[in-house]
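Structure, as structure tokens:
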Amino acid sequence: MIEVTDLTKHYLHAGSRVAALSAVNLRIGQGEIYGIIGRSGAGKSTLIRCLNLLERPDSGEVRIGADALTAYSERQLQQRRQRIGMVFQHFNLLRSRTVAANVRFPLELAGGLSAAQMDARVDELLALVGLQDHQYKRPAQLSGGQKQRVGIARALANHPDVLLCDEATSALDPETTDAILALLADINRQLGLTIVLITHDMRVIRQLCDSVAVLDHGRVVEAGKVLDVFLQP
Ligand code: ADP
Ligand code: ADP
């Protein structure tokens, strides 16, 4: 369960305070696929940065499971961040590393596993995303969809409590988008993993999400089950 309570964040812009988030409340159930949709400037990036703990809100609280993350010290946050998987629009892969080495990277950062254990975990992750046959390639040799599969495998490496997807399909063509959405649905089912995604693409919400929050000018203007919030065509 993820609970966001009265989250507020302002930025200073040219001497005045701009509200990026105003009293945002969200309840995201364990194992849910939760979409956050809104126009550019609505506050989506700010919200995801509060969820992945890269940004401190001005007020309000973020709880993931039992933990009130807003009360954590920087050091605690760094450790906690390893349990949050991030998937990015532009993949953010390391170009000089192979596919396998990109997926291995967060395991190396976290520490605690032997080289053999890390290799076994990488094999498992590559099988999960269907990239076993590409492990020695570099990112530049992959299609967009394959790059995002690497991004997803990497995000899952440390057994996260939640997968945060930031416009994860916005750089992909429609067909590849469908394949990546199907993979995310699979992962959600297989692992029971909670997925939170931000998007400006209604199709992503309709195809993948159980619940949705509509963000506008930093406020949640609608939230609930996708079937209740949007009129079906
Ligand atoms: P997107 O709509 O794709 O999320 P944005 O243009 O809103 O992209 O933001 C891209 C980055 O620029 C974000 O990291 C955000 O924090 C930063 N940013 C957005 N607006 C401003 C601004 N007015 N001043 C400084 N940084 C900004
Ligand atoms: P979205 O991701 O939905 O496009 P953002 O969270 O990036 O929205 O931005 C929400 C609002 O906050 C916008 O008005 C944006 O210009 C402003 N903003 C975002 N990041 C910054 C920043 N680092 N400095 C100043 N203003 C920002």
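Numbering of ligands and ligand atoms starts at 1, following listing order.
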message = Which of the numbered atoms in ligand 2 are under 4.0 angstrom from any heavy atom belonging to Ala42?
response = 1 (P), 3 (O), 8 (O)
task = Using only heavy-atom distances, determine whether the side chains of Glu32 and Ser211 contain a donor-acceptor pair under 3.5 Å.
result = yes
request  = Check Arg154 against Phe88 and note the closest heavy-atom contact, atom names and distance.
outcome  = NH2-CD1, 3.9 Å
message = Quick check on His200 - does any of its heavy atoms sit under 4.0 Å from an atom of ligand 2?
response = no
note = So for His13 against ligand 2, with non-hydrogen atoms under 4.0 Å, the contacting part is neither
ask   = Given Asp210, which of Ile195, Ile33, Ile28 fulfils the side chain to side chain contact (heavy atoms under 4.5 Å, CB included) condition?
value = Ile33
task = Provide the number and element of each atom of ligand 2 under 4.0 Å from a heavy atom of Ser45.
result = 1 (P), 2 (O), 6 (O), 7 (O)
inquiry  = Taking distance alone, with N or O pairs closer than 3.5 Å, would you say Gly43 contacts ligand 2?
reply    = yes
task = Say whether Ser40 and ligand 2 are in contact under the criterion: heavy-atom distance to a ligand atom below 4.0 Å.
result = yes
task = Determine whether more than 12 heavy atoms belonging to other residues, nucleotides or ligands lie under 6.0 Å from atom CZ of Arg97.
result = yes
task = Identify, by atom number and element, the atoms of ligand 2 in contact range of Arg39, meaning under 4.0 Å from any of its heavy atoms.
result = 3 (O)
ask   = Evaluating non-hydrogen atoms only, which member of Ala20, Ala19, Gly41 is closest to atom 1 (P) of ligand 2?
value = Gly41
message = Pair Asn188, Leu193 - check side-chain contact (heavy atoms from CB on, under 4.5 Å), show working.
response = CA-CA 5 Å; Asn188 168 258; Leu193 183 64; 5.5 Å; no
query = How close do Asp178 and Arg203 get, heavy atom to heavy atom, and via which atoms?
reply = OD1-NH1, 3.1 Å
